[in-house]
There are 2 protein chains.
Amino acid sequence: MDLTPRQRQILTFIQQQIAELGRPPTRSEIARAFGFRSANAAQEHLRNLERKGAIALTGGASRGIRLLAGAAAGLPLVGRVAAGQPILAEEQIEARYALDPGLFHPHAHYLLRVRGESMRDAGIRDGDLLAVHRTREAGDGRIVVARVEDEVTVKRLYRKGHEVELRPANPAFESLRIDLRSTPLEIEGIAVGLVRQALDSIAPVSLD
Amino acid sequence: MDLTPRQRQILTFIQQQIAELGRPPTRSEIARAFGFRSANAAQEHLRNLERKGAIALTGGASRGIRLLAGAAAGLPLVGRVAAGQPILAEEQIEARYALDPGLFHPHAHYLLRVRGESMRDAGIRDGDLLAVHRTREAGDGRIVVARVEDEVTVKRLYRKGHEVELRPANPAFESLRIDLRSTPLEIEGIAVGLVRQALDSIAPVSLD
DNA sequence: ATGCATACTGTAATTATATACAGTATCGAG
DNA sequence: CTCGATACTGTATATAATTACAGTATGCAT
């Protein structure tokens, strides 16, 4: 899509307005939000965004701005997280799905595709989309998205002094114990919900 | 909400416009769509819809129509299904959530709140919202929403001649075997996905 | 029988909005 | 250096849109 930083800001503003107010902004509203003294500045941004395929403009209609595929607002779906990359880096976003913000409490910032069965007994299965609320703090026992030495993992968090336990919910897996004095741990967010796109792929849990 | 048939038509039109064009309609657009010769007819409908709590109007703003909770388009969430009632009867709808239609395949028609742990080993837990695609046919082994003698249940469907087995995914529960010659069975739909709103309420599956 | 909510037509004024044209300034590529 | 793209200010105008006021007609409840 190749937008300039400014154009990306404008696009984000349009997405926010649609999400919050249920209607696209006018040229004047964009200008006001960015401090432009002329609505024409907004008009030119819109035209450039249209030329680059991010939006479609409907001539003559007020608020005639439509987001096109790829620019549609929605929760980003993060797939495999590459080492050293921030979790919401543009390259990691597989898709965006429009989900009602009111579906989860607190609201989700992104979806993370879960790999493996380490949280099986908490009802989180391989391939599930975990709804994650971005925060650096988490209560004891909460399911968190944590980054330990460039690897992102979903586990239950327990903290005792300077030791943190990342506990899976599957007896086939072992807890990860981390000494915060030697190993940095970053909490990327807390799990607030789950979306599963296919039910048939779920292998039955057996009592073996 | 108690809308008149006409008001409901207007509300539906607003929902359609938002879904199709990404912006609420103007008074004139409503008037044109319904053949009104005066935009004021639309204006009065909007006011009545606002008075009844279906929408909120933003004074002065063009297209300043917001859908309020309950009027928002989206997948209906069906709670407890009363005996004898069709599953999508208005009284059963607890809420509506805007979900991306592309999230599930085939697409979901409604969400059903699951009661009990009878499908636990298929990853479906008490309180989960099951995304359901409305159909009367289901392949063997699929997870279906079925109605047997006025009770709605979620199970795996297996058919052998005139006998149908509704098999739970939890060894603590027993299969329900139905002879179609004596007992009517209706398939209300097939499960196509799952949404879980809270992860902490999930009791761990133990190997007891 | 009377009043009230619903469901419109018709007119009009004000404000909101889109959009064209003429400029200015900056920056990176050729 | 020069050109084109970006990022604006400033002015202006046609039209899109909201919204008020004055009516008409119908059905339903009191």
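Because the structure is a prediction, the values reported are computed rather than measured.
Listed nucleotides: C:dG10, C:dT17, D:dT6. Nearest to the side chain of B:S38: C:dG10. Across C:dA20, D:dA17, C:dC8, the shortest atom-to-atom separation from the side chain of B:R6 is found for C:dC8. In the set C:dT19, C:dT9, D:dT18, C:dT9 carries the atom at the smallest distance from any side-chain atom of B:A41. Side-chain atoms of B:S62 lie closest to C:dT17 of the nucleotides D:dA7, C:dT17, C:dT6. The listed nucleotides are C:dT6, D:dT18, C:dG10; the one nearest the side chain of B:S28 is D:dT18. Distances were taken from every side-chain heavy atom of A:N40 (C-beta onward) to each of D:dA7, C:dA22, C:dT19; the shortest belongs to C:dA22. Which of C:dT19, C:dA7, C:dT9 sits closest to the side chain of B:H45 comes down to C:dA7.
With salt bridges taken as basic N to acidic carboxylate O contacts below 4.0 Å, one links A:R136 and A:E186.
Note: CZ (B:R23) to P (C:dT17) measures 14 Å, nearest angstrom. With rounding to whole Å, A:F36 atom CZ is found 11 Å from D:dT6 atom C1'. Rounded to whole angstrom, the span from the CD1 atom of A:I30 across to the P atom of C:dT17 amounts to 12 Å. The distance from atom CZ of B:R27 to atom P of D:dA20 is 10 Å, rounded to the nearest whole Å. For the pair A:E29 CD and C:dT15 P, the computed distance is 17 Å after rounding to whole Å. Atom pair A:R8:CZ and D:dA7:P shows a separation of 12 Å (rounding to whole Å applied). The nearest whole Å value for the distance from the CG atom in B:L57 to the C1' atom in D:dA17 is 13 Å. Atom CD1 in B:I65 sits about 13 Å away from atom C1' in D:dT19, given to the nearest Å.
Put simply, the side chain of A:Y110 reaches to within 4.5 Å of the side chain of A:E188, judged on heavy atoms.
Counting heavy atoms of neighbouring residues, nucleotides and ligands inside a 6.0 Å radius, atom CD of A:E174 does not exceed 12 of them.
B:R23 contributes no side-chain N or O that, together with a main-chain N or O of A:R66, makes up a donor-acceptor pair within less than 3.5 Å.
With DNA chain C read from its 5' end, the first of the two nearest nucleotides for B:N48 and A:R47 is the one closest to B:N48. The residue among A:A39 and B:T58 whose nearest nucleotide of DNA chain D is located toward the 5' end is A:A39. Comparing B:E44 and B:A61 along DNA chain C, the residue whose closest nucleotide (by nearest heavy atom) sits nearer the 5' end is B:E44.
Between A:R51 and the phosphate of D:dT6, there is a side-chain N or O to OP1/OP2 separation shorter than 4.0 Å. Contact check, B:K52 against C:dT6: a side-chain N or O comes under 4.0 Å of OP1 or OP2. Taking only side-chain nitrogens and oxygens, A:T4 comes nearer than 4.0 Å to OP1 or OP2 of D:dA7. Close to D:dC8, at under 4.0 Å from its OP1 or OP2, lies no side-chain N or O of A:R37.
Ring geometry for B:F34 versus B:F13: interplanar angle over 60°, hence perpendicular rather than tilted (30 to 60°). By the 30° and 60° cut-offs, the orientation of the rings of A:H133 relative to A:H107 is perpendicular.
Looking at heavy-atom distances under 4.0 Å, B:Q7 makes contact with sugar-phosphate atoms alone, never a base.
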